[in-house]
Every structure is written in structure tokens, then in C-alpha cells.
Asker: 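Mind having a look at this structure? Questions to follow.
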Amino acid sequence: YSSLLIDHEDYETFYVGEGNDFWRSEDGGNSWESLHSFGSEVFHFDNSRANSDYMYLLARNGIYRSTDRGESFTAVSLPPGLSANNASYGRIAAGGTNPLDVWLMDYRAGATSSRNRVWYSSNGGNSWTSWHTSALAGRQWTAMAHHVGSNGGVYIASNRGGNAGTMPAKIMYRDK
């Protein structure tokens, strides 16, 4: 699985991850070019609404940042205690007001996991701060979005939790 992203400044430009590659179409999807091969499956990515040159991508072998709309990528650090494989299944949200703000959610931390669930970086992924609280335990969090115009706020949503999905889905919010 992977993401599809439509460039918010140019609605003819699409990005998609397929297999190990990150692809771009500049003609509404009629033709595609591979911008980068990660040597490992591409899962999720996002670009900054503040500066669309900044993109963040999760692949099975790490977290990457681009400052040139995906023409090149550099690896960034993993949050403490999170493996590249587990991070790859996460969700990443790029800051809409500052391109160096980025949030990562650990999708694979299931309801019984003791791992931290959400991290924030103010420096483009060079270091991470855990935003985990006990309120996030006991559920598998499945979606995340940055609230542009807030004080660094993010929403996360869970699927139904608990035994046999008996707990209702939940949405949580946090800002700086």
C-alpha cells in the first residue's frame, strides 16, 4: 500500500509510491517518471503546505526527507525505540505552516503494545519528541492529519478497539 498525493500548487502533478519507487506525473497521470528507488517498499508520504518542496516519506528501510519535491531524498533519524520496519507502516504528516515540522504515528503499535504512538519533530526529522500519553494506550491508531493554522495541532483517529472491536472508534487532538 502507498499514498497518492496531488500537488496543491499544481493540480496536474501527482505523486505515488509503487513497490520500491517514488513516482511523479506532471500531466495528470498520463505519463509517469520514477524519481527515486529506495531499495525497499514505499508506504506513506506527505508534503508541506508551507513549502511544497519539502516531502517526507516512509519506506520499509527508513524515513526520508526531500527539499526539492522528490528529486532527491536524505534519510532522517528514527524516533527512539521505533524500528524502520515498524515506522514504515506509520503515517506521516508534514507541517502546513513550517516545512520542518513533521509528525509520525506508529500504526503498527496495536492495542496491546507498550510502544509510544506519536512523535513530533521541529527540525525535519533530525530528532523526535514523543507525544505519547496514557490516553493513547489500548487502541490502534490508524489515521493522522495536521491541523493547518493551529499551534502545531494534529488529529489522530483509531479504529474500533478492545476485544472484538467492542470499543467505539475515537479521535484525539493535540497541539504544541
Asker: To the nearest 0.5 Å, what is the distance between NE2 (His132) and CG (Asp106)?
Answerer: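 Spacing of NE2 (His132) from CG (Asp106) equals 10.0 Å.
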
Asker: With no hydrogens and no angle check, is any side-chain donor or acceptor of Ser25 less than 3.5 Å from a backbone partner on Ser31?
Answerer: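 Yes: the side chain of Ser25 pairs with the backbone of Ser31.
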
Asker: Please find the pair of heavy atoms, one from Ser48 and one from Gly95, that lie closest to each other, and give the distance.
Answerer: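 So the two residues come closest at OG-O, 2.5 Å.
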
Asker: Using the test side-chain contact (heavy atoms from CB on, under 4.5 Å), find all partners of Asn30 that sit at least two apart in sequence or belong to another chain.
Answerer: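 With sequence neighbours excluded, Asn30 shows a side-chain contact (heavy atoms from CB on, under 4.5 Å) to Asp27, given in chain and number order.
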
Asker: Counting only pairs under 3.5 Å, give me each side-chain donor-acceptor contact of residues 55-64, with atom names and distances, residues two or more places apart or in other chains.
Answerer:
residue, atom, partner, partner atom, Å
Tyr56, OH, Pro99, O, 2.6
Arg60, NH1, Asn85, OD1, 2.8
Arg60, NH1, Tyr89, OH, 2.8
Arg60, NH2, Glu41, OE1, 3.0
Arg60, NH2, Tyr89, OH, 3.1
Asn61, OD1, Tyr64, OH, 3.0
Asn61, ND2, Phe38, O, 2.9

Asker: Can you measure from OG (Ser121) to CG (Leu100) and round to the nearest 0.5 angstrom?
Answerer: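 It comes to 8.0 Å.
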
Asker: Can you list every pair that meets side chain to side chain donor-acceptor pair (under 3.5 Å) and has a residue in residues 95-105, with sequence neighbours left out?
Answerer: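 Applying side chain to side chain donor-acceptor pair (under 3.5 Å) to every pair that reaches into residues 95-105, excluding sequence neighbours, yields Asp101-Tyr120, Asp101-Lys176.
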
Asker: If you measure from CE on Met144 to CZ on Arg91, what distance do you get to the nearest 0.5 Å?
Answerer: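 Between Met144 CE and Arg91 CZ, I get 9.0 Å after rounding to 0.5 Å.
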
Asker: His44 side chain to Ile92 main-chain N or O, any donor-acceptor pair under 3.5 Å?
Answerer: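 Yes: the side chain of His44 pairs with the backbone of Ile92.
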
Asker: Under the rule for side chain to side chain donor-acceptor pair (under 3.5 Å), what residues qualify as partners of Ser40, not counting sequence neighbours?
Answerer: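 None.
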
Asker: Does Phe45 belong to the same Ile/Leu/Val/Met/Phe/Trp/Tyr cluster as Val76, with side-chain heavy atoms less than 4.5 Å apart forming each link?
Answerer: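 No: no chain of side-chain contacts under 4.5 Å links Phe45 to Val76.
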
Asker: Please name all residues satisfying side chain to side chain donor-acceptor pair (under 3.5 Å) with Asn20, sequence neighbours left out, ordered by chain then number.
Answerer: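 For Asn20, no residue satisfies side chain to side chain donor-acceptor pair (under 3.5 Å) once neighbours in sequence are set aside.
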
Asker: When hydrophobic residues are tied together by side-chain contacts of less than 4.5 Å, even through go-betweens, does Tyr54 share a cluster with Phe14?
Answerer: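 No, because Tyr54 and Phe14 fall into different hydrophobic clusters, even though each may have its own neighbours under 4.5 Å.
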
Asker: Just do the side chain to side chain donor-acceptor pair (under 3.5 Å) check on Asn47 and Arg49 with the steps written out, would you?
Answerer: CA-CA 7 Å; Asn47 77 321; Arg49 304 306 185 256; 2.8 Å; yes

Asker: Give the cluster check for Val102 versus Phe73: same hydrophobic cluster or not, with ILVMFWY residues linked at side-chain heavy-atom distances below 4.5 Å.
Answerer: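 The answer is no; the residues belong to distinct hydrophobic clusters.
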
Asker: If the condition is side chain to side chain donor-acceptor pair (under 3.5 Å), which residues does Thr142 pass it with, not counting sequence neighbours?
Answerer: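 Applying side chain to side chain donor-acceptor pair (under 3.5 Å) to Thr142 gives none.
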
Asker: Please list all pairs passing the salt bridge (charged side-chain N to carboxylate O under 4.0 Å, His left out) test where one or both residues lie in residues 141-153, with sequence neighbours left out.
Answerer: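 Qualifying pairs: none.
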
Asker: Of all residues at least two apart in sequence or in a different chain, which pass the side-chain contact (heavy atoms from CB on, under 4.5 Å) check with Ala135?
Answerer: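 Ala135: side-chain contact (heavy atoms from CB on, under 4.5 Å) contacts with Thr133, Met172.
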
Asker: Report the residues that fulfil salt bridge (Lys or Arg N to Asp or Glu O under 4.0 Å) with Asp53, sequence neighbours left out, ordered by chain and then residue number.
Answerer: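 Per chain and number, Asp53 pairs via salt bridge (Lys or Arg N to Asp or Glu O under 4.0 Å) with Arg69.
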
Asker: For Phe22 and His36: C-alpha separation, side-chain torsions, deciding distance, then whether ring-ring contact (aromatic ring centres under 6.0 Å, His included) applies.
Answerer: CA-CA 5 Å; Phe22 184 68; His36 192 82; 8.5 Å; no

Asker: Look only at the side chain of Trp119 and the backbone of Trp131, and say whether a donor-acceptor pair between them is shorter than 3.5 Å.
Answerer: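 No: the side chain of Trp119 does not pair with the backbone of Trp131.
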
Asker: According to side chain to side chain donor-acceptor pair (under 3.5 Å), does anything in residues 143-153 pair up with another residue at least two apart or in another chain? List the pairs.
Answerer: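 Checked against side chain to side chain donor-acceptor pair (under 3.5 Å) - neighbours excluded - no pair reaches residues 143-153.
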
Asker: For Ser127, enumerate each residue passing the side-chain contact (heavy atoms from CB on, under 4.5 Å) test, keeping only those at least two apart in sequence or located in another chain.
Answerer: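 Partners of Ser127 under the side-chain contact (heavy atoms from CB on, under 4.5 Å) test: Asn123.
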
Asker: Judged by atom type as modelled, is there a donor-acceptor pair below 3.5 Å linking the side chain of Trp141 to the main-chain atoms of Leu136?
Answerer: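 A pair under 3.5 Å: yes.
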
Asker: Apply side chain to side chain contact (heavy atoms under 4.5 Å, CB included) to Val42 and Glu18, showing your working.
Answerer: CA-CA 7 Å; Val42 173; Glu18 173 60 28; over 6 Å; no

Asker: Taking it one step at a time, do Val118 and Leu104 satisfy side chain to side chain contact (heavy atoms under 4.5 Å, CB included)?
Answerer: CA-CA 6 Å; Val118 179; Leu104 175 67; over 6 Å; no

Asker: Report the hydrophobic cluster partners of Tyr155, with the cluster defined as I, L, V, M, F, W, Y residues connected by side-chain heavy atoms closer than 4.5 angstrom, directly or transitively.
Answerer: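 Other cluster members: Ile171, Tyr173.
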
Asker: Indicate yes or no for a side-chain donor-acceptor contact from Asp175 to the backbone of Gly152 under 3.5 Å, with no hydrogens or angles considered.
Answerer: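 Between the backbone of Gly152 and the side chain of Asp175 there is no qualifying donor-acceptor contact (under 3.5 Å).
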
